S.K.: 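What follows is a structure written as structure tokens; I'll ask about it next.
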Number of protein chains: 2
Amino acid sequence: MNTLEPAPAALQTLAQDFREALRHSVYLVRRLDAEGELSAAQLSTLKMLLGDGVRVGEIARNLGVRVPSATEQIIKLEKAGLVRRDPDPDDSRAVRVVLTAEGRAAVDSANERRNAVMAGILETLTDDDRRALAAALPVIEKINGTLHN
Amino acid sequence: MNTLEPAPAALQTLAQDFREALRHSVYLVRRLDAEGELSAAQLSTLKMLLGDGVRVGEIARNLGVRVPSATEQIIKLEKAGLVRRDPDPDDSRAVRVVLTAEGRAAVDSANERRNAVMAGILETLTDDDRRALAAALPVIEKINGTLHN
DNA sequence: GTTCATAGTTAGGTAGCCTAACAGTTAGGG
DNA sequence: CCCTAACTGTTAGGCTACCTAACTATGAAC
């Protein structure tokens, strides 16, 4: 659209290719998550709780989902004994979700298992490949950051 | 685990970081798909049909889903008038799924819209960022390729 | 010409997301 | 004060996209 850009065609191509790569990666993420005791959504939720108690709204915002979706995950996790819902001392409307000891253990083991699978894949790459990947990571994170408005 | 590796810790870290980046990217993909006339699953299915007629099993394999899931998508697309199911002349058990003219148009427009959004994001990066990203793309594709067994 | 394998559909179930409607709590203005 | 508006979270109901199991129909092998 903008003829002042140096190489708009290259940008389009990169956009297309990157988008395609991400689309395929969704399947990879799916496979990493498939054989786990914890679903992707649950693991993401738990990870967020590693600090102190977190409110439901904040969990939803960080996950990029609506509040009811976060509530749903939290209820499942609570039933599984991985989180606890404490009343917020400062605001009795709010809830502070905190990890239980089991929850913490579950995060650790799920993370380790997934990382091991990914490390296994990365092991098959060349050093140059891994360097290129590492160099692009901050960029990908920057792109992902676009989401947080 | 393997002490013979030159830098196992770095590999673990890269695995962890890359996994994290991909996990976040799922939300980006979700956003790209959200405001579209075509769902992600439908667009992926349609894209695969740009060549000649493709069999249901092949579509499922390429999408990384089971055959009934592919059937389900195809039926929806057929109802929307975007694909046709022709009998396979060589094997009457099989079905050849082909794009209709509307289907082709839908792929094009959906692709263009999504690419434009992604290009808009990439535009905000530096040249170095884009170079790093472009360099990593083949690596990411290689990793994704791991899926196809 | 049974028997076994293969291609696809149908049926029924689950996870994870959504919006709309609700209940309880807080905060501000008359 | 209290009444209204804003906010936090839950409940209810619905959708999409996946799954497994069971089925139909055709093809292949012997």
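Because the structure is predicted, anything quoted here is derived from the model rather than measured. All chains are named by letter (A, B, ...) in the order of the sequence lines, taking the proteins before the strands, and each is independently numbered beginning at 1.
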S.K.: Whole Å only: how far is the CG atom of B/Asp86 from the C1' atom of C/dG8?
M.R.: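 In whole Å, C/dG8 C1' and B/Asp86 CG are 15 Å from each other.
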
S.K.: How many Å lie between CZ on A/Arg55 and P on D/dC7, as a whole number?
M.R.: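 For the pair A/Arg55 CZ and D/dC7 P, the rounded distance is 12 Å.
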
S.K.: Among A/Leu22, A/Leu133, A/Asp129, which one satisfies side-chain contact (heavy atoms from CB on, under 4.5 Å) with B/Ile140?
M.R.: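 The side-chain contact (heavy atoms from CB on, under 4.5 Å) with B/Ile140 is passed solely by A/Leu133 among A/Leu22, A/Leu133, A/Asp129.
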
S.K.: Around A/Arg85, counting heavy atoms of other residues, nucleotides and ligands shown, do more than 12 lie under 6.0 Å from its CZ?
M.R.: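 For A/Arg85, atom CZ is crowded (more than 12 foreign heavy atoms under 6.0 Å).
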
S.K.: Assess whether a salt bridge exists between B/Asp88 and B/Arg96, defined as any Lys/Arg side-chain N lying under 4.0 Å from an Asp/Glu carboxylate O.
M.R.: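 So B/Asp88 pairs with B/Arg96 through a salt bridge.
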
S.K.: Is B/Arg19 salt-bridged to B/Asp17, going by a charged N under 4.0 Å from an acidic O?
M.R.: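 No, no charged N to carboxylate O under 4.0 Å.
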
S.K.: Could you state the atom-to-atom distance from CZ of A/Arg96 to C1' of D/dG9 in whole Å?
M.R.: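 In whole Å, D/dG9 C1' lies 14 Å from A/Arg96 CZ.
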
S.K.: Identify the two heavy atoms, one from B/Ala136 and one from A/Ala136, that lie closest to each other, and give their separation to 0.1 Å.
M.R.: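 It is CB-CB, 3.2 Å.
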
S.K.: Looking at every heavy atom in both B/Pro138 and B/Ala135, which two are closest together, and how far apart are they?
M.R.: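 Looks like CD-O, 3.3 Å.
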
S.K.: If a protein heavy atom is under 4.0 Å from the base, mark B; if only from the sugar-phosphate, S; if neither, -; do that for nucleotides 15-25 of chain D going 5' to 3'.
M.R.: -SBBBBB---B

S.K.: Whole Å only: how far is the CD1 atom of B/Ile59 from the C1' atom of C/dG8?
M.R.: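 That distance rounds to 12 Å.
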
S.K.: What does B/Asp91 touch in the nucleic acid at a heavy-atom separation under 4.0 angstrom: a base, only the sugar-phosphate, or nothing?
M.R.: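 Touches sugar-phosphate only.
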
S.K.: Whether the side chain of B/Asn62 engages the backbone of B/Met48 through a donor-acceptor N/O pair (distance < 3.5 Å, no angle test) should be reported.
M.R.: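 Between the backbone of B/Met48 and the side chain of B/Asn62 there is no qualifying donor-acceptor contact (under 3.5 Å).
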
S.K.: If you compare every side-chain N and O of B/Thr71 against the phosphate oxygens of C/dG8 (OP1, OP2), does one of them come in below 4.0 Å?
M.R.: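 Result: no.
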
S.K.: Grab the CZ-C1' distance between A/Arg85 and D/dT11 for me, whole Å please.
M.R.: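 For the pair A/Arg85 CZ and D/dT11 C1', the rounded distance is 12 Å.
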
S.K.: For DNA chain C, which residues in residues 44-54 of chain A have a heavy atom at a distance below 4.0 Å?
M.R.: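 When residues 44-54 of chain A is checked for heavy atoms under 4.0 Å from DNA chain C, there are no hits whatsoever.
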
S.K.: How many whole angstroms separate atom CD of B/Glu78 from atom P of C/dT10?
M.R.: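 For the pair B/Glu78 CD and C/dT10 P, the rounded distance is 10 Å.
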
S.K.: Please determine if B/Glu58 and B/Arg55 form a salt bridge, counting it only when a charged side-chain N lies under 4.0 Å from a carboxylate O.
M.R.: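 A salt bridge is absent here (no side-chain N lies under 4.0 Å from a carboxylate O).
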
